Amino acid sequence: MAVPAVLFDLDDTLVVEEAAAEAALAAVCRRAGERYGLAPAAFQRSVRGRARDLWHASPGRAFCLAIGMSSWEGLWARFEGHGPELQTLRAWAPVYRREAWAGALAEHGVSDAAFARQLADGFMDERRARHAAFPDAAACLSALRGKVPLTIVTNGATDLQWEKIRGAGLDGFFDRVVTSGELGLGKPDKRIFQAALADGQAGPGRAVMVGNSLNKDVAGAQRAGLVGVWLNRNNEPPRPGVHPDAQIASLAQLPALVERLGLGVTTA
């Protein structure tokens, strides 16, 4: 297998992210419905909106933008590590979580600071109970492991992304994990892909990047000289201006694709 390396996105490529966050949020919002009779769906929209507004006004906003970290991740991140940006976010995060939930309750006429803290803590617990890899991930990685170097290239706080990797049971598959949090820049910036290949074991060449985002994973990787493979689980239409080198509907298709790429066979 002549492909020098295969790089993977993490969130919603290898591990379930958005659906897990939504399920955790819904579970906690039902508690507000049980306590105060709030409509869970309406309260959930309030939490998302309030969290987003606070996140955009945060003292670490520039850093979070640079590393591609979302407001809902901030609701359960610990922001562990060194550096002034992480220290600032770590100090601010408890206030952010408390105000997000308290503000959402206030939108529905509820003033209960103690309950807001319970909801904030509850979301952290609910989200951490939902680490899961996609069903096709482990078999794909097992088929590739030992044949080609495997690397994760992911946006997000380093401690949070590692928590997802370990929680989903994927930490034994990878030779390297590169996070935007450790570099201070994220996908689609081509430098994060270059950093993932900077140890000299694999130049861009025909190194493969696999991910669910056309812009961040495919176009970003292509700008760095990699082969961009779009994981299109939901049969979404292509986006104008972005042309993946290959498209797959499941990770089960990836080992054969990598084999064809390594043999120089043109893919559709």
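Computation of the quantities below employed the complete heavy-atom set of this structure, encompassing side-chain atoms and omitting hydrogens, waters and symmetry-equivalent molecules. Just so it is clear, the model here is predicted, and its values are computed rather than measured.
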- Message: Using the rule given for salt bridge (Lys or Arg N to Asp or Glu O under 4.0 Å), can you reason through D11 versus K216, listing the C-alpha separation, both sets of side-chain angles and the distance that settles it, and then say yes or no?
- Response: CA-CA 12 Å; D11 294 328; K216 294 177 182 177; over 6 Å; no
- Message: Test ring-ring contact (aromatic ring centres under 6.0 Å, His included) on H131 and W162; report intermediate values, then the result.
- Response: CA-CA 11 Å; H131 292 308; W162 268 108; over 10 Å; no
- Query: What do the steps show when you test Q161 against N155 for side chain to side chain donor-acceptor pair (under 3.5 Å), and what is the final call?
  - Reply: CA-CA 8 Å; Q161 299 309 89; N155 284 359; over 6 Å; no
- Test E126 against R31 for salt bridge (Lys or Arg N to Asp or Glu O under 4.0 Å), laying out the working first. CA-CA 12 Å; E126 290 282 355; R31 301 181 193 180; 2.9 Å; yes
- Query: Can E17 and R130 be said to form a salt bridge (Lys or Arg N to Asp or Glu O under 4.0 Å), step by step?
  - Reply: CA-CA 9 Å; E17 168 55 33; R130 287 172 167 78; over 6 Å; no
- Query: Does the side chain to side chain contact (heavy atoms under 4.5 Å, CB included) test come out yes or no for L105 and S111, once each step is laid out?
  - Reply: CA-CA 7 Å; L105 286 171; S111 177; over 6 Å; no
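Atoms CZ and CG, from R117 and L119 in turn, are 11.0 Å apart once rounded to the nearest 0.5 Å. If you take CH2 on W230 and CD on Q247, they are separated by 5.0 Å, rounding to the nearest 0.5 Å. Separation of atoms CG (D171) and CD (E163) is listed at 12.5 Å; rounding is to 0.5 Å. Taking CG of L54 as the reference point, atom CZ of R97 lies at 12.5 Å (rounded to 0.5 Å). Annotation: the span from C140 atom SG to F134 atom CZ amounts to 13.0 Å, rounded to 0.5 Å. A distance of 5.0 Å separates CD in E182 from OG1 in T158, rounded to the nearest 0.5 Å.
Looking at every heavy atom in both residues, P188 comes nearest to N215 through CB-O, 3.5 Å. The two residues A246 and L257 come nearest to each other via the heavy atoms CB-CD2, 3.8 Å. Across W92 and S58, no two heavy atoms sit closer than the pair CH2-CB, 3.2 Å. Of all non-hydrogen atoms in R145 and F174, the two that sit nearest each other are NH1-C, 4.3 Å. Scanning all heavy atoms of the two residues, the minimum distance from R50 to A100 falls at CG-O, 3.4 Å. Between L183 and A195, the closest heavy-atom pair is CD1-CB, 3.8 Å.
For Q87, the CD atom sits in a packed shell: over 12 heavy atoms of surrounding residues, nucleotides or ligands are nearer than 6.0 Å.
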Side-chain donor-acceptor contacts of residues 20-28 below 3.5 Å, not counting sequence neighbours, with atom names and distances?
| from | atom 1 | to | atom 2 | distance (Å) |
| --- | --- | --- | --- | --- |
| E22 | OE1 | Q44 | NE2 | 2.7 |
| E22 | OE2 | R48 | NH1 | 2.4 |

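Relative ring orientation between W55 and Y96 is described as tilted, the plane-to-plane angle lying within the 30° to 60° band.
There is a path of hydrophobic side-chain contacts, each under 4.5 Å, that joins L261 to L251. M209 and L214 are not part of a single hydrophobic cluster, where members link through side-chain heavy atoms under 4.5 Å apart. Hydrophobic clustering (side-chain heavy atoms under 4.5 Å, transitive across Ile, Leu, Val, Met, Phe, Trp, Tyr) groups L89 together with F123.
Checked for salt-bridge contact, D159 and R90 miss the test: no charged N lies under 4.0 Å from a carboxylate O. In this structure, K164 pairs ionically with E73, as a charged nitrogen and a carboxylate oxygen lie closer than 4.0 Å.
Remark: side-chain polar atoms of S250 are not paired, donor with acceptor, to backbone N or O of Q253 under 3.5 angstrom. When atom types are taken as modelled, the side chain of D9 and the backbone of T154 share no donor-acceptor pair closer than 3.5 angstrom. Judged by distance alone, with hydrogens and angles left aside, the side-chain atoms of K190 form no donor-acceptor pair with the main-chain N or O of A221 at under 3.5 Å. For the pair D189 (side chain) and L185 (backbone), a donor-acceptor distance under 3.5 Å is absent. Between the side chain of E236 and the backbone N or O of N232 there is no donor-acceptor pair closer than 3.5 Å. Distance alone, capped at 3.5 Å, places no donor-acceptor pair between the S46 side chain and the A104 backbone. With R233 contributing its side chain and T13 its backbone, the two residues share a donor-acceptor pair below 3.5 Å. Looking only at distances, a side-chain donor or acceptor of D245 sits under 3.5 Å from a matching main-chain atom of G228.
For S142, the side-chain hydrogen bond (donor to acceptor under 3.5 Å, both in side chains) criterion is met by no residue, not counting sequence neighbours.
The six-membered or imidazole ring of Y36 lies away from that of F43, with a centre-to-centre distance of 6.0 Å or more.
A cation-pi contact links R35 to F115, judged by a cut-off of 6.0 Å to the six-membered ring centre and 45° from its axis.
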